[in-house]
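As the structure is a prediction and not an experimental result, all values here were calculated from the model. One-based numbering, in listed order, for ligands and for the atoms of each.
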Amino acid sequence: MADENPDPPAGENLDPIAISEQQFDQASRYIRGLKRGLIGFLKQPKRINIVNFPIELDDGSVQSFQGYRVVHNRVFGPGKGGIRYHPDVTVDEVISLAKLMTWKCALVNIPFGGAKGAVVCKPKELSEKELRRITRRFTSEMFDVFGPHTDIPAPDLYTSEQTMAWIFDTYDILHPGYNNRPVVTGKPIAMGGSYGRYEATGQGCVLAAQRFLSKALLPEQQDLAGARVVIQGFGDVGSVAAQAFFREGAKIIAVSDSQGGILREDGLDPAEVQTFKAEHGSVVGMPDTMTITNAELLELDCDILMPAALSNQIHSGNANNVKARLVVEGANNPTTPAADAILAKKGIYVLPDILANAGGVTVSYYEWVQNQANEQWDPDRIAEGLKRKMYTAVDTVFSRWQSFVVGEETPVEGETAGEEGPGTPDFRTVALIIAIERVTEATLMRGIWP
Ligand code: NAD
């Protein structure tokens, strides 16, 4: 049984392509000299692969599955992006997520382009053997699409280190005689994975939040000590972030998963929640906690709200009720453009996905570099590199934002600044401005071929 997620009101356009275009258009209002031809090029994915393949299930029956792999842009390097297994995933959602990866890699200065993949399936109802067959068959369908220098998958919703190990193994069997380790990141450490990769996204979100608070935009909360934190989604990203917030002295008052949420005002110990979830399959029912819905969780009074599950969780129907002071996007696309405008009016800051959750792709890049040389870097080196990347990215976005605040920069002539106030774009828009400018500059430097 799944818990009630917040229902978006009728009338808000939640089409993922429309949302990504709206965000792009909002950023382009601040970018001077953006050529019309480039806008068309950057809005479209470079390549879309759709495959259908049969799998024999454990009961002997045969079921057909659909899988997608989209590369949005490869101006900076090979396509890079996770693969998710989910019953509701659509090709349009995968396209919009591939675009996000392009902007994310550009923002944190990593030489990858943007890609994303998915298989439409119900991972919770499939056995491990069935998931392995799906993964192997999907990888074999993509044998000439994936590649260490063309398109590199990673984990995402309901895929794991194990899934990545199967992808590597299948690809390696189909391409004998090469060092194929860099074809996929997020592998188990014993198989060429990197120290710190599993933790990187959640840890990176916490580093981003920490650096952001140090800028004193919330004068009474300039570090994480004592911050009251709410996390939606207690998976790879959410559970690691909970532990990192906890280590920094924050109080985790509520967390959730697909079954619902739990609340304890005097704080949860994330390690205890982890143990309970491992034993019972959900966080719900943990002793000495109050059960709440995911919809209620998003509206709790707190300092930091971290959506770390699905997209479109904060929308025009509930944004007015959000009481957090800072939203840190662990998930991709958890906040709709309409909600962004409402949160901005309420003075709630949002650290956007392409900034907050960029830690995952950062350490994926370190894994890829290690794999090329068959090296294993020690955990301190990874942790130091991740911290530097996240701090630099926050600093870059913050100082560019300030240039709008003090009026050094303004919207392009003839444009309005949008909903969020006279002349000042929100952090998502600023992060996108930086990323789009970098990709545009590199595209023009390379020159349009032929
Ligand atoms: P995961 O599968 O490990 O965890 C997902 C969590 O979300 C689980 O706790 C699940 O129960 C919960 N969930 C599922 N449906 C839900 C619902 N309807 N309501 C509330 N909770 C629900 O996935 P993950 O790797 O932690 O990814 C979470 C998000 O972070 C995704 O949006 C993903 O794109 C994004 N992300 C992940 C990475 C990464 O490195 N794993 C990197 C960047 C962004």
Interfacing atoms of ligand 1 (cut-off 4.0 Å, heavy-atom, [X]):
X      : result
Asn294 : 19 (N), 20 (C)
Asp257 : 9 (O), 11 (O), 20 (C), 21 (N), 22 (C)
Phe234 : 9 (O)

Judged on heavy-atom distance to [atom], which of [options] sits nearest?
atom                    : options                        : answer
atom 39 (C) of ligand 1 : Thr201, Ile231, Asn332         : Thr201
atom 12 (C) of ligand 1 : Ala295, Gly359, Ser258, Gly202 : Ser258
atom 7 (O) of ligand 1  : Ala309, Ser256, Ser160         : Ala309
atom 41 (N) of ligand 1 : Thr293, Thr185, Val237         : Val237

*Only pairs at least two apart or in different chains count here, so list each salt bridge (Lys or Arg N to Asp or Glu O under 4.0 Å) that has a residue in residues 349-359.*
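Listed by first then second residue: Asp353-Arg428.
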Discussion item. Under 3.5 Å between any N/O of Lys124 and any N/O of ligand 1: does that happen in this structure?
Written reply: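 N/O-N/O distance below 3.5 Å does not exist for this pair.
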**Study point:** Any N or O of Gly360 closer than 3.5 Å to N or O of ligand 1
**Key:**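 No.
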Item to complete: Without swapping roles, check the side chain of Thr275 against the backbone of Ala271 for a donor-acceptor pair under 3.5 Å.
Response: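 It does hold such a pair.
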Arg137 NZ/CZ over Phe53 ring centroid, <6.0 Å and within 45° of normal |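 Verdict for Phe53: no cation-pi partner in Arg137.
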For this session: Look at ligand 1 and say whether Arg84 reaches it with a heavy atom at a distance under 4.0 Å.
Result: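 So Arg84 counts as touching ligand 1.
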- Message: So for Arg197, does at least one of its heavy atoms come nearer than 4.0 angstrom to any atom of ligand 1?
- Response: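 Arg197: in contact with ligand 1 (<4.0 Å).
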Q.
Less than 4.0 angstrom from a charged side-chain N to a carboxylate O is my criterion; do Asp151 and Lys80 meet it?
A.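 Salt bridge: no.
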Ring centroids only, cut at 6.0 angstrom: are [X] and [Y] within range, meaning strictly under it?
X      : Y      : value
Phe65  : Phe138 : no
Phe112 : Tyr365 : yes
Tyr195 : Trp377 : no

*asked:* Can you tell me which portion of Leu310 lies within the under-4.0 Å heavy-atom range of ligand 1? Options are side chain, backbone, both, or neither.
replied: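 Side chain only; the backbone of Leu310 stays clear of ligand 1.
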Just list the side-chain donor-acceptor pairs under 3.5 Å for residues 247-254, sequence neighbours left out, or say none.
{"unit_1": "Arg247", "atom_1": "NH2", "unit_2": "Gln203", "atom_2": "OE1", "d": "3.2"}
{"unit_1": "Glu248", "atom_1": "OE1", "unit_2": "Gln210", "atom_2": "NE2", "d": "3.1"}

